[in-house]
Amino acid sequence: MGTELVPGLRLARLLATGSLGAVYVGQGHAAGKVAVKLLHPELAHDLGTDLLRALRQADEVGHPRVLAPIEVLTPDGARAVVTRLIVGESASSLTERRRGRIPPSEALRITSDVLDLIGTAHAHGVCHGALSLSHLVIDDQGSTHLLGFGEARLRAQLGLVPDRAFVAPEHNPRVPSVAGDLWAVASLLFVLLTGAQPRDELGRIRSLARVTDRALADLVELTDRALAAEPERRFPDAGTLLAAMRQVAESRDVQYAHALGSALAADSGSHAWLDPARVTQPPPADVSWSSTPPVSPSVTPPTRPDRPLSDPPATPRSRLAPTLPPAEQASTPPQSAAPRDRISDPSPHALSEALGAPRRGTTPPSGTEPLIVPTPPRDTPRERARQPEPVLAREADPLSGLSGDEGATLVAERNQIVAMLTFDSGLSLEGAWKDARSRVGAPSDAFDTALASIERTLGDGSDGPSGLALELSALAAPDPDRLVHVTASSLEGPALGPTLEAFGPALREHVQASLEHEPHTALRLLTMLQDAVRAPKAMLAAERGRVLDAIATPALIQSLFARLGARVSDPHALDSLAALLPSLGASFAAALGGALPQIVDLSLQAKVLHHLESELTGHEHALGELAKIADPHLGIEVARILARIDTLAARQALALAAESPHAVVRIEALGQSEGASGERLRAELKNRLEDALATERIHTLRALADFEVRVAAPFLAVRLKSSQVDTLPFEERRALFHALCVLSPTRAEALAVEILAHKKLLGAGAHEETRALAASALGEIGVGQEALDALTHHAERHFGTSDRVRQAALQARDAVRARMAGGRRSEPPRPPHPAPRATRPPPRPSEPPRRPSAFPDERRRK
Amino acid sequence: MSDGVDPRTPDGAADGALALELYASALVATRHLYRELARAEPPVVELEHVARCIAAAAPNPALSVALALAPAARDDAARAVQSAFIAVRIARRAADRDRDVLAVALAALLVDAGRARLAAASSIDLDVFSDLPDSLELLSPAATAALGIGVAREPLRETAALTAFETCWLERPRLGPLYKGEHPPRLVSRVLFSCRALLSLIAPKSRDAAVSPLEALRRLCAAPEADPTTLRLLADAVGHVPVGTVVELASGEWGVVGPVLPKDPRRPLLFGLVDARGRAHEVAHRLDLSALPNPGIARVIEPKEGRFNAAHPLVTSRPEQPTGLK
C-alpha cells in the first residue's frame, strides 16, 4: 500500500510531477493526510538548506489560505516538503477543463481571492514572484489557496525558467517585486477569462479585446491597465487593484454574465458568456437575473444531439420540419449526462501513474505541482436536475427533424435556452432569502388583500369557459364582415403604402398560387382588396390601381380574365372582373387584350374593349398582333379601337390586322386604314363578293352585316344596282339587301325605292323577286314619304304589280306608316355599349355568328 | 372550471420539462420565423406548424409555466410564444375542437408579426426594449391584418388573422374603437389581449419594473377597463395566485406557485425553493398548502427582491405520483 518515505509516512499515490519534483499523497503523518513534494535528487543536493529557509516565507504571510510547509524531510539525502493536503482543483486544471468558459464573476472571484492573499503577503513584506496556475488550488468550498511562496528564489538559484505567462515585462527573477506580482495576478485573470495567455507568440502584451471581441468593456479596461507594460500605468498596489476588481465584479453586466455563463457552460463553445448580444442589454435593476435579452444567433455552440430520432415524417411539413435521412438519425448519439461546473475526471496521468521515481522531462508545462486531490464528480439530485433530458415527442417539436447548418444553429439555440432556464441559481436564491429576511419585518396582509381584490373582480365564474366555447365554435366559420373590415384597415390611408411595401410580394405570391387551383379565390382576394381601399373619390381609382400594380402581374390578370371570362355560368365572377377594369392601368392593356379571345361573355368583352380603348397607348402593336390572330368579332373590334386611336403606331397595328385570316377583319382593317377608295380594299371586296361559289359570297355578305363592316356599303350598293343582280341566287340577293340595310340604311332605302319602281318585261320572275325583296327592305328601314308612296302604289294593285310584290309592299307600307308615326328610323340593330349580357358561341373562324334576319326566309319564298 | 381541475389531465400531472422543451423550441422557431419575416419572407405556414405543436400540448397544465419563464425573454417572438402557451390553455379548457385551439395559438403567434415586418421594412432594428415610432406602431394592426389576410385564405388562418388583428388593435387604444364600433371585439381576442397584458406586466418590454404574477393579475383586475369575463378565464387557467409567483410562508420557507391548479385558490400548490433556514432544496418538493392546517402565505416575493431562477423547479418537474408534505 505505498512506499514508506520515512517511518510512519507512506506515499500513497502520485498526484503530479513538476520541474522541482513529484507530489504524492502522504498517509500516516501526524497531521493526517498530507501532500509530500519529493524534490528531484539533483535539485535537492543543489538547494541544500536554502530550501527550508525559502519555503518559510509562507509562514511570514501567516494566512490560512497560504500553504506553508509543515516540515522538510531528508530521507536518505533526498528532500521532501510536507504540506497540508487541499481537496480541490488546481487553477491549471480548471482552466484546461473550462477553457474560456469561466464566467467573469467566477474568474474575478478567484483572482480577487489570490489578490487578497498577495496583498496580505505584500503587507508583510513578502513578494511571491512565481505566481502560476498550478500554484493556485480551489477547494470544494470555492476558496482559493496559494502555494509557492519562496519558490521564486529557488528557481532563480536553479536557473529554472519561470512560467512566461505570469512574468511581468520588468521581471527580475532574483528580485521579486510588488508590481510583478500584481501583473501576474492580472495575467491570471486574463488566462481564466480566455484560456489564453496575455502575451502573443512574439511576447507582446495583448488586450483582452483583441483576444475576443465579446469581452465586457469593464473587464477590458481593467486588464488593459493591470497588464500595462509600464509599471507606472498599472494599479499601484494590491488594494487598489482589488477594489477595481470588486467594482467590476459587482457590475450588472458581470452578474448577468455569471448566471448565463454558468448555465451555458456545459453547452456552449468558448467565450459564450462574453457575447455582447447577451450582455450589452442588462436587465433593469429591479428584475431578476433571468431577464435576458434574446440569445444571439451568432453564437453557435456545438449541437447537442439530444433526442432520439425515429420514424421521421414521410414528407416535411415546412422548412422548420424537414426530414432527416434515416442514416443520419440513427447515427445521432444520445445525450451525454455529464454533470456541469464540476470536475468530472481526475487528471489521467496523475492517477494512472504508479508510485515510483518520476522521470524528468515529463513535467507539466506549468513547471510546478499542485498539492491537491481532485474532487470526484458530484452526483447530487441538483446536479442531475441540471441536465434536462429531452422529453418532447418528435411530432410535437417545432424543431423536429431539422438538419443542415440552419437546423444545427436553431437546435443549439434551443439548447442554450433550455440550459439558461434550467440553470439552478440556488446560491443566489439563498442570498436573496438572507437579504430579504434581514429587511422584512412582521408579515403583512398584502397577499390576502391582493387575492381578495382579484377574486372580487373574477366573480363566481358562472358564464366563463362555456361562453368562450360558444364563441370559438362560431369562429370556425369565416367571418366575412369582419374580414372585410380587417382588410380595409390594412389598406386605409397612410397604411396603404407601408402595407403594400411590406406585403405586396406575399400577396402577389398568394394570389398567383390561388389562381392555379382556385381562380375564384384569387379574384375574391383582388376584389376584396379593391373594395377595401379607402380614398377620396377623385383618388380612388388611382389608389386601387396602386394596389393592383403591387399585387397583380399582367400575366396574372390575363390568366384571371381568360379563365373566369370563359365561365358564362358565373355572373358574379364576370361582374367582379368587370369591376376590376377601372383599376387596371395601361400596363395591363396588353394582358387584357390577350385575354379577350377567351372571354365568351359579350358584355364583359365589350367592357374590356371599352377599357382598352382608353388604356391602349403604348400597346398598339400588341393589339395589332391580337387582331391578326383573333376571331372575327374580336379582330374587328380591335381594328376599330386602333382606328379610333389614330396614331402612327395604331395605323401600323392596323396593317397587322389586315393580315387576319378572316375576310371581314381584313376588310374592316383595310377600310379603316385606307378608306373606301383604297385599292387593297376594293380588291379584297371584289374577290370576296365575286367568288365563284355562291355560298362563299352569301357567307361574306352575312359576315359583313353581322360585323357591321360599313366600309363595304358602297360596294354592296353598286352590286345591288347592277343589272346583273337578278341573275344572282335569291338567297344572295336577300343577303345583299340585308347587308346594305344594316350597313347603310339611307342608301338602302333609296336603292329599294328605285328597284321597286323599275319594272322589267324580260326575266320578270327573278326581277319580281328582287322587287319583293326591295319592298321588304323598305318595310324594315323605310322612313321617307317617297318610300311610303312607292309602297302604297304597289300595294293597291296597280297594273303590272305581281301578287308577290303587292303582298310585300302591303306589309311594308304598314310598317313604314307606323315608323313614320313614331318618328325617325331606328338605327340598324347593333349591340349596345355596353351590351346586355349575352354569350358568344366558341369562335369558329369559318362561320360568324348569325343574327335573326328581317327578310322572309327561303321557305316563305318557296 | 373554477375548481382548477383540468378535465383533460385527470391526474393533474404537469410535465414542466416537456413544457420547457416545447417553449424553447417554439421560441427559437418563432424567432427564426420573425427574422424571416423581417426579410420579407412571410412564414405563416411555418408559424402554423409551431402553433400546431403548441396546440397539441394544450392539455399539459405546465404550459402556464410560461408566466414564470417570461422575464427571461421579452422580444416580440417570445411574447408571442408565451401568450400562445397561456391562450391555448384557456382555449383547451373551453373548446372541444382542436382547430379552435389551433386558431388561438396561431393568432397569438401572429399578433406582433406585422409589427416585426414593419420594423424591418423601415430598417428599424427592434431589440428587446426598443419600440417602433408612433407612426409605425399605429400601423401594426393593419400590417398584421395584411399579413394574415394576404397569405391566408382558408378558415383557420382567416380566423387566426382576425383574432390577431383585433388583439393588436386592442393593445393600441389610440386607434379608437375597433371596426369603428360596428362590431365588438370577440371574446377570444379579448382573452388573448388579457394574456398579453398579464405578460407585459410580468416581463415588460419597457424599462418599467417587472412585478410578480400575482401583482400583475391584481393590477389587471383593478384597472377601470377590467374585463371580468376574460380575466376569470385567464385566472382559471393560470391560477388566482398565478403560476410563477414566489411566496414566503409564515415559516420562512419560500416556494414558487406551480402549474397545477389548487382546489382552494388561496392555497396554491407550491414548489419549495428554500427551507425555513434559507437553504435551497436539492430537489424541489411540492407543498400542497391546502393540506396544511395553517399554510399562511406571509407575502409575495417581488422580482426585484431576488435575482434567482424561480422557474427552475417548475421546468424540471415531471409527472409524478402525488407527493407528501415535507
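Note that the structure is a prediction, hence the values are computed from the model and not measured. Throughout, a chain's letter reflects where its sequence line sits, starting with A, and its residues are numbered from 1.
Checked options B/Leu18, B/Val65, B/Val315, B/Leu69; the residue passing with B/Tyr23 is B/Leu69 (criterion: side-chain contact (heavy atoms from CB on, under 4.5 Å)).
Taking the side chain to side chain donor-acceptor pair (under 3.5 Å) definition, one finds that B/Thr230 meets it with B/Ser194, B/Asp227, sequence neighbours left out.
Looking at B/Leu214, the atoms closer than 4.5 Å to chain A (heavy atoms on both sides) sit in the backbone and in the side chain alike. Neither the backbone nor the side chain of B/Arg219 comes within contact range of chain A, judged by heavy atoms closer than 4.5 Å.
Between B/Pro313 and B/Ala310, the closest heavy-atom pair is CD-O, 3.2 Å. Looking at every heavy atom in both residues, B/Gly278 comes nearest to A/Glu430 through O-CG, 3.1 Å.
Top candidate by heavy-atom pairs under 4.5 Å with chain A, chosen from B/Cys221, B/Ala70, B/Ala55, B/Ala203, is B/Cys221.
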